2 protein chains.
Amino acid sequence: MFSKACEYGIRAAVYITLQSLDGRRVSVNEIAEEIDSPMAFTAKILQQLTKNNIVDSVKGPTGGFEIEREAMDTVKLSKIVKAIDGDKIYVGCGLGLKECNADKPCPLHDKFIDVRSNLRTMLQSTSLYELATGLEVGLTYLKR
Amino acid sequence: MFSKACEYGIRAAVYITLQSLDGRRVSVNEIAEEIDSPMAFTAKILQQLTKNNIVDSVKGPTGGFEIEREAMDTVKLSKIVKAIDGDKIYVGCGLGLKECNADKPCPLHDKFIDVRSNLRTMLQSTSLYELATGLEVGLTYLKR
DNA sequence: TTAATAAAGGATAAATTTATCCGAATTAAA
DNA sequence: TTTAATTCGGATAAATTTATCCTTTATTAA
Ligand code: FES
Ligand code: FES
């Protein structure tokens, strides 16, 4: 569904959100350990999240990543997915035609756009804060 | 959503279905042209479809690929997707944890399984025949 | 001012997916 | 029986994604 990079990106963002709720700024090292992802690769992905103003980064000692309280609510998964995987999940054709186009649809078009709009709605309505709260109370996990 | 191989596989299967409705057996060459896919790669994918009894193949002159009338109804997209992409789309975790597991769910679990079951239902209820009929009357396309 | 810490960025490597090529096996028709 | 058409199967190559390494830059604290 999503690329590995995107999966790591979402997990990282949720972990940063959780820690920022406690006012803690976290390093790439800690993030990679806590979400069980390859550190250097995770660092690259965090750069993208930073460039897209999804998380904030601070260099130097005591530096690391954090996210503003307001962003926890306004940043939806759709923004992270778009920043990392682009919009192919939104504009792509389910059967691989150049782009999804209702004027010259592939045989799966009608059924596919239904599934896709379901996915899009989910991504556009799910905030980082929402995902972090389950973690906080120990109901959900970012690694096993 | 699906791999390139899977997209080609579905397009090929739908094209074979369409031609088999007219009693025509088709070659890899014709298929690749008609669905606009790389020929040799498409041949590999057709081998998989053949091994999985999704389409039938006949060697030699006048040979090619075809699909039985009954299979057009009984073969659903889910079977093709499973044959080519495996079942990761069904058992995988949306955030990349080892597997989807309701006992130790990732933060996205509840929302993800909803989207996924929507997708699964669509795949399990869509037959090759159904997809071929739109093509037949010129309402849908396998290439542009 | 210096040393240490952490993100940023560039280069490269490994793994996977996508794609091509070619010879072997099969089969129909000349 | 020979030839040609076609799928099958294995090897290999190209492209993309995933992952690592190392140097530079910024910043804090001693
Ligand atoms: S054209 Fe294929 S999904 Fe819309
Ligand atoms: S555990 Fe992640 S989707 Fe079910």
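Just so it is clear, the values below take in all heavy atoms, side chains as well, and ignore hydrogens, waters and symmetry mates. If you're wondering where the values come from, they're calculated on a predicted model, not measured in any experiment. Residue numbering restarts at 1 for every chain, and letters A, B, ... go by the order of the sequence lines.
Of the candidate nucleotides D/dC21, C/dT26, D/dA5, D/dA5 has the atom lying nearest to any side-chain atom of B/Pro61. Here the side chain of B/Lys44 is nearest to one of C/dT18, D/dT6, D/dG9, namely D/dG9. Distance from the side chain of A/Ser27 is smallest for C/dA7 among the nucleotides C/dA7, D/dA29, C/dT20. Of the listed nucleotides (C/dA25, C/dA7, D/dT20), D/dT20 has the atom at the smallest distance from the side chain of A/Ala40. Each of D/dT7, C/dA7, D/dG9 was ranked by its minimum atom distance to the side chain of B/Gln47; first place goes to D/dG9. When each of C/dA29, D/dT18, D/dT7 is scored by its nearest atom to the side-chain atoms of B/Ser57, the top-ranked nucleotide is D/dT7. Closest to the side chain of B/Pro38, out of D/dT7, C/dA7, C/dT20, is C/dT20.
Looking at which nucleotide of DNA chain D each of B/Val28 and A/Asp85 is closest to, the 5′-most match is held by B/Val28. Taking the nucleotide of DNA chain D with the nearest heavy atom to each of A/Lys59 and A/Cys6, the more 5' of the two is matched to A/Cys6.
Per the geometry, CD1 belonging to A/Ile84 stands 13 Å off C1' belonging to D/dT17, to the nearest Å. Protein atom CD1 of A/Ile16 is 15 Å distant from nucleotide atom P of C/dA6, rounded to whole Å. We find that CE of B/Met39 is positioned 12 Å from P of C/dC22, with the value rounded to whole Å. One can place CZ of B/Phe41 at 16 Å from P of D/dC8, the figure rounded to the nearest angstrom.
Cluster annotation: A/Met1 is connected to B/Val91 through the hydrophobic network of ILVMFWY side chains, with a link wherever side-chain heavy atoms come within less than 4.5 Å. A single hydrophobic cluster is not seen to contain both B/Leu119 and A/Ile113; linkage of ILVMFWY side chains at heavy-atom distances under 4.5 Å, directly or through other members, places them apart.
Under the 4.0 Å criterion applied to side-chain N and carboxylate O atoms, B/Glu130 and B/Lys76 are not assigned as salt-bridge partners.
Regarding contacts with the backbone of D/dA19, a side-chain N or O of A/Tyr8 is found under 4.0 angstrom from either OP1 or OP2.
Shown here is A/Glu99, whose CD atom has more than 12 heavy atoms of other residues, nucleotides or ligands within 6.0 Å.
Side chain to side chain, A/Ser3 and A/Asp85 meet the donor-acceptor criterion of an N or O pair below 3.5 Å.
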